[in-house]
There are 2 protein chains.
Amino acid sequence: MNFKETHNLILNNVSRFIHLTDLEKQKYISLLTEIEVEKKTFLMQAGEVTKYEYFITKGCLKVYTLDKEGSPHISMFAVEDYWTGDLSSFMTKEPSMYFIKAIETSELLGISRANYDLLFQEIPKFERFYRNLYQKSLISYIRRSNYGISLTAEERYVEFKKKYPQIVSRITQKDLAAYIGITPEFMSKIISKVNRM
Amino acid sequence: MNFKETHNLILNNVSRFIHLTDLEKQKYISLLTEIEVEKKTFLMQAGEVTKYEYFITKGCLKVYTLDKEGSPHISMFAVEDYWTGDLSSFMTKEPSMYFIKAIETSELLGISRANYDLLFQEIPKFERFYRNLYQKSLISYIRRSNYGISLTAEERYVEFKKKYPQIVSRITQKDLAAYIGITPEFMSKIISKVNRM
DNA sequence: TAAAAGTCTTAAACTAGTTCATTTTTTTTC
DNA sequence: GAAAAAAAATGAACTAGTTTAAGACTTTTA
């Protein structure tokens, strides 16, 4: 059975946790929508109700909120083989607080809420897939929420660079500052200090 | 069908997401272990591999790490009807970084890793239960990890008090400071300031 | 390929939060 | 219920990170 390259990427991601028959693969693919986002344009904006959960097959995006002063706080960078979206708005159908903007022109596969619900009826083993996917994400967010309160900005930077070297090279220092939780000026100081060491 | 009071609590929690037959309820209960922890004693300590995931039927506990200076950072307070543990260590079977200590003498139901795995074989709809449970936790940890970098300590305190008033009254200011991510001294200042307003 | 827009660096003055030391208040323990 | 231990409050000196401003460098766009 032959699928498009992007479909192989998502099937491969799913196969980490569950095994699908060819028929199930076809069914699953039929529930997905192909989406392209140009560099610097929005996949979604705060105030909208999220229509999809996304799997990235190509590119790089940032997910962020704006605080009351209008400063951005980036909650994740999403690159190839990552899942992203606003799970809260997707589930509750309430307006999102998040913006998702393409750092590079990107290609994604989206699953709509209706198809997400349908998926569990049609192929119940996707409950298991999402149980595992959410479990893994939960573990990393628990760790991250602890890092936020227990490490200094410099330590958070060093950690990030060690854990995601491929991402560091694709984003600006300014965006990294908005992820770490500091100003771009202080980020600049940290980087020159760390490089001097 | 009649169950013990503590068993009704957990069955009621599970029924938020899935419906169980009486037989399935009995089976599920049979996979759980009853645990009691005295006030000020440990349910688990860093360095151990986590044996159970826990559901609290009575009491209050804190989950925390110690940083390299030996200062505590609390990642959650767990009270009645909450699930807790160290999911990472539970899944990977690697030693945990977390301590779990009873703030009040507490009663819990634990599920061992072996029984957790068995549960999905015996009652596959638990995949759905955990998919939903992890999804809800994930949503709140994503929010918390964003709060950590986008709000001031005072704002985080006000948020916490608004969201968990019942918990605030059961814990010390010192523990709340370790959760918010500040020193007890600064917590004291914030509280007196907020009360003056 | 020039101009415009955005990013990065540096520095000085500032503020949120820390550290350390002391006293008061509350809780625990025998 | 007295003594001991822990928690909370207060204040002064400090440090990590912010703000504002200006110039240099890099990328984007027409």
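Lettering follows sequence order; numbering is per chain, from 1.
A cation-pi contact, defined as under 6.0 Å to the ring centre and within 45° of the axis, is absent between A:R144 and A:Y164. Cation-pi check for B:K189 over B:F186 is not met; the charged atom does not lie both under 6.0 angstrom from the ring centroid and within 45 degrees of its normal.
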- Where protein sits on nucleotides 17-27 of chain C, one letter per nucleotide: B base, S sugar-phosphate only, - none, heavy atoms under 4.0 Å: BBBB-------

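B:Y147 and A:Y141 are assigned to two separate hydrophobic clusters, defined by single-linkage of ILVMFWY side chains at heavy-atom distances under 4.5 Å.
Rounded to whole Å, the distance from NZ on A:K193 to C1' on C:dA11 is 18 Å. Atom CG in A:D67 sits about 14 Å away from atom C1' in D:dT19, given to the nearest Å. Atom CG in B:L176 sits about 13 Å away from atom C1' in D:dA7, given to the nearest Å. One atom, CD1 of A:I103, and another, C1' of C:dG6, lie 15 Å apart when rounded to the nearest Å. In this structure, B:K40 atom NZ and C:dT28 atom P are separated by 6 Å, rounded to whole Å. Atoms CD1 (B:I191) and C1' (D:dA7) sit 12 Å apart, rounded to a whole Å.
At distances below 3.5 Å, at least one donor-acceptor pair connects side-chain atoms of B:R113 with backbone N or O atoms of B:F90.
DNA chain C is contacted by no residue of residues 162-175 of chain B, taking any non-hydrogen atom closer than 4.0 Å.
The aromatic ring centres of B:Y64 and B:Y98 sit 6.0 Å or more apart. With ring centers used as reference points, A:Y130 lies under 6.0 Å from A:F120.
Relative ring orientation between B:F129 and B:F126 is described as perpendicular, the plane-to-plane angle rising above 60° on a 0-90° scale split at 30° and 60°.
Within the model, atoms CD of A:E48 and CG of A:L43 stand 9.0 Å from one another, a figure rounded to the nearest 0.5 Å.
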